[in-house]
Amino acid sequence: MPNFIVTPWEVSGEIDYDKIIQEFGIEPIDDKLISRIKEITSEIHPFLTRKIFFAHRDLNWILDEYQKGNPFYLYTGRGPSGDIHLGHIMPWIFTKWLQDKFNVELWFQLTDDEKFLFNQSLSLEDAYKYSYDNALDIIALGFDPKNTFIFSDIDLAGTLYRNALKIAKKITFSTIKATFGLNNSANIGQIFYTSIQTVPAIIKSLIEGRNVPCIIPHAVDQDPHFRLSRDVLPKLGYYKPASIQCMFLPSLQQGGKMSASMKHTAIFTKDTPDIVKKKVNNAFTGGQASAKIQRELGGNPSICSVYKYHFMFFTLDNDEIKIIHSRCTGGDLLCGECKNNLIQKINKFLLKHQEQREKAKDIIENYLLKEKVDLKSIIKEKMEKSN
Ligand code: TRP
């Protein structure tokens, strides 16, 4: 048995990404593919060269179509069950890069329905409120309002339901059990839910009345949903959605990913500089038992959460990360200095993010899509007409 778990509902343990590639049947992103992207985008994002976005489905097809003049759109999402942390933001930063480089639309799904169904203690009203709260963090990253559509599932229920029905009819309960590990004690909303997450993969095709290629940037735990989408959508006459998949930003403690339910393991976008300082100073590192031993033997970046934060998010400059690595293993860079460096960088990032997040409150309407359903006024209108 592997000593890690990666499903859409649970991610834990020391994740072996090679094993995931095998088990999920996804393709690794290799240097050839990276060069191919670079031919189009001219620059390449460090998340690709560092293999943080490490796997995909049908990315070559997406690029083929793009180069033939048939551009794709981006679809990604967020389950709004609480505050946003850096682990959530990482794939969105990359999504924005893709949007900028390819100049394409982004459809962003906020699955308040999902979080309500899967989280026993979350009310529907609170999940819906988090949709709007989390949208501020998304907008703060600077997505182009002309090309970006953010929606809560509740707000777009009509379009989603109408199309989810057709998808749901093609999926059996036994497939859901096998794909998600759900059993007979699951509530019936949970069994249906994945059909709602599939609809945005065809939403442009629905609007345009012709097939439009879709690629979904997401963390690898969401792959089971889209494996099902890829099975079902061709049966309904649509393209299979492509995907580009990333790793998880690890926990600041030993093992596992940054988790919103364990507050001290994650840095939230609302954290103050003092909280960030405290969390990073308490982080699990690859340091030795004493400064003296560390000067002699060096530290171990391969197990160090502070190093991983530098590598995966805050020190994307290649020369700089090499220096951190070699000074650490050589015993010259001690954990205190390395942590301080990270604290500065996180706080600089958060200061700007928090400013942008405030500004987002004034422009949120430029991004949100909403179907207006106000039964009370519809009935009133009807009554007035018939009088
Ligand atoms: N199920 C995802 C979550 O819990 C949210 C989501 C919906 C999503 N659609 C997506 C994530 C597309 C990535 C890509 O976070």
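Between Ile139 and Lys361 there is no side-chain heavy-atom pair separated by less than 4.5 Å. Counting heavy atoms from C-beta on, the side chains of Val11 and Phe248 come closer than 4.5 Å. Here the side chains of Gln99 and Phe143 are in contact, with some heavy-atom distance below 4.5 Å. Here the side chains of Ile44 and Ile37 are in contact, with some heavy-atom distance below 4.5 Å. Looking at Leu117 and Phe192, their side chains never come closer than 4.5 Å, going by heavy atoms from C-beta outward.
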For this session: Evaluate the side chain to side chain donor-acceptor pair (under 3.5 Å) criterion for residues Thr159 and Glu371: first the C-alpha distance (whole Å), next the side-chain angles of each, then the deciding distance (0.1 Å), finally the verdict.
Result: CA-CA 9 Å; Thr159 298; Glu371 289 166 344; 2.4 Å; yes
Exercise. What's the verdict on side chain to side chain donor-acceptor pair (under 3.5 Å) for Gln222 and Gln197, showing C-alpha distance, side-chain angles and the deciding distance?
Worked result: CA-CA 10 Å; Gln222 297 296 309; Gln197 187 159 326; 2.9 Å; yes
For this session: With side chain to side chain donor-acceptor pair (under 3.5 Å) as the test, would you mind laying out the steps for Asp274 and Thr272 before giving the verdict?
Result: CA-CA 5 Å; Asp274 276 354; Thr272 62; 5.6 Å; no
Exercise. Yes or no on ring pair (Phe, Tyr, Trp, His ring centres under 6.0 Å) for Phe311 and His325, after CA distance, side-chain angles and deciding distance?
Worked result: CA-CA 10 Å; Phe311 183 82; His325 194 276; 8.9 Å; no
Exercise. Between Ser121 and Asn119, is a side chain to side chain donor-acceptor pair (under 3.5 Å) present by the stated rule, with each step listed?
Worked result: CA-CA 6 Å; Ser121 55; Asn119 188 328; 3.3 Å; yes
For this session: Kindly determine whether Phe102 and Phe72 satisfy ring pair (Phe, Tyr, Trp, His ring centres under 6.0 Å), including the steps that lead there.
Result: CA-CA 9 Å; Phe102 290 91; Phe72 57 90; 5.2 Å; yes
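The aromatic rings of Phe149 and Trp107 sit parallel, their planes meeting at an angle under 30°, below the 60° perpendicular limit. Using cut-offs of 30° and 60° on the angle between ring planes, the pair Phe180 and Trp9 is tilted. By the 30° and 60° cut-offs, the orientation of the rings of His45 relative to Phe47 is tilted.
A donor atom on one side chain and an acceptor atom on the other are not found under 3.5 Å apart for Asp153 and Thr111. Under 3.5 Å, the side chains of Thr315 and Lys345 contain a donor-acceptor pair of N or O atoms. Counting only N and O atoms by type, the side chains of Tyr128 and Asp155 include a donor and acceptor under 3.5 Å apart. With no hydrogens or angles considered, a side-chain donor-acceptor pair links Gln67 and Arg36 at under 3.5 Å. Looking at Asp223 and Gln245, their side chains do bring a donor and an acceptor atom within 3.5 Å of each other. In summary, the side chains of Asn184 and Lys177 do present a donor paired with an acceptor at a separation below 3.5 Å, with no hydrogens or angles considered. No donor-acceptor contact under 3.5 angstrom links the side chains of Ser195 and Thr198, judged on distance only. For Thr269 and Asp137, the side-chain atoms include at least one donor-acceptor pair closer than 3.5 Å. When only modelled atom types and interatomic distance are considered, His85 and Asp271 share no side-chain donor-acceptor pair under 3.5 Å.
Side-chain atoms of His310 come within 3.5 Å of backbone N or O of Cys338 as a donor-acceptor pair. Distance alone, capped at 3.5 Å, is enough to place a donor-acceptor pair between the Tyr309 side chain and the Pro250 backbone. When atom types are taken as modelled, the side chain of Gln190 and the backbone of Asn187 share a donor-acceptor pair closer than 3.5 angstrom. Of the possible donor and acceptor atoms, one in the side chain of Asn281 sits under 3.5 Å from a partner among the backbone N and O of Lys277. Thr49 places a side-chain N or O within donor-acceptor distance of the main-chain N or O of Pro46, the cut-off being under 3.5 Å. Judged by distance alone, the side chain of Ser305 and the main-chain N or O of Phe284 form a donor-acceptor pair under 3.5 Å. Side-chain atoms of Tyr73 come within 3.5 Å of backbone N or O of Ile203 as a donor-acceptor pair. Side chain of Thr265 to backbone of Gln253: no donor-acceptor contact under 3.5 angstrom is found. Checking side-chain atoms of Arg57 against main-chain N and O of Ile244 turns up no donor-acceptor pair under 3.5 Å.
Between His225 and Tyr193, a ring centre-to-centre spacing shorter than 6.0 Å is recorded. Within the 6.0 Å centre-distance limit, the rings of Trp61 and Tyr239 are counted as a close aromatic pair. Ring centers of Tyr367 and Phe108: at least 6.0 Å apart, outside the cut-off.
Between Leu141 atom CG and Ile89 atom CD1 the span is 5.0 Å, to the nearest 0.5 Å. Going from atom CD of Gln356 over to atom CG of Leu351 covers 10.5 Å, rounded to the nearest 0.5 Å. Atom OG1 of Thr285 is separated from atom CD of Gln288 by 9.0 Å, given to the nearest 0.5 angstrom. Taking CD1 of Ile202 as the start and CG of Asn163 as the end, the distance is 5.0 Å to the nearest 0.5 Å. Of the inter-residue distances, the one linking Gln109 atom CD with Leu369 atom CG reads 12.0 Å to the nearest 0.5 angstrom.
Checked for salt-bridge contact, Glu105 and Lys146 miss the test: no charged N lies under 4.0 Å from a carboxylate O. Classification of Asp112 and Lys129 as a salt-bridged pair fails, no side-chain N sitting under 4.0 Å from a carboxylate O.
Applying salt bridge (charged side-chain N to carboxylate O under 4.0 Å, His left out) to Asp83 and the options Arg357, Lys270, Arg78 leaves one that passes, Lys270.
More than 12 heavy atoms of other residues, nucleotides or ligands lie within 6.0 Å of CD1 in Ile207, so this atom counts as buried by the packing criterion.
A cation-pi arrangement is absent between Lys240 and Tyr238, since the terminal nitrogen or guanidinium carbon is not both under 6.0 Å from the aromatic centre and inside a 45° cone about the axis.
At a threshold of 4.5 Å between side-chain heavy atoms, the hydrophobic network of Ile, Leu, Val, Met, Phe, Trp and Tyr places Tyr17 and Leu48 in one connected group.
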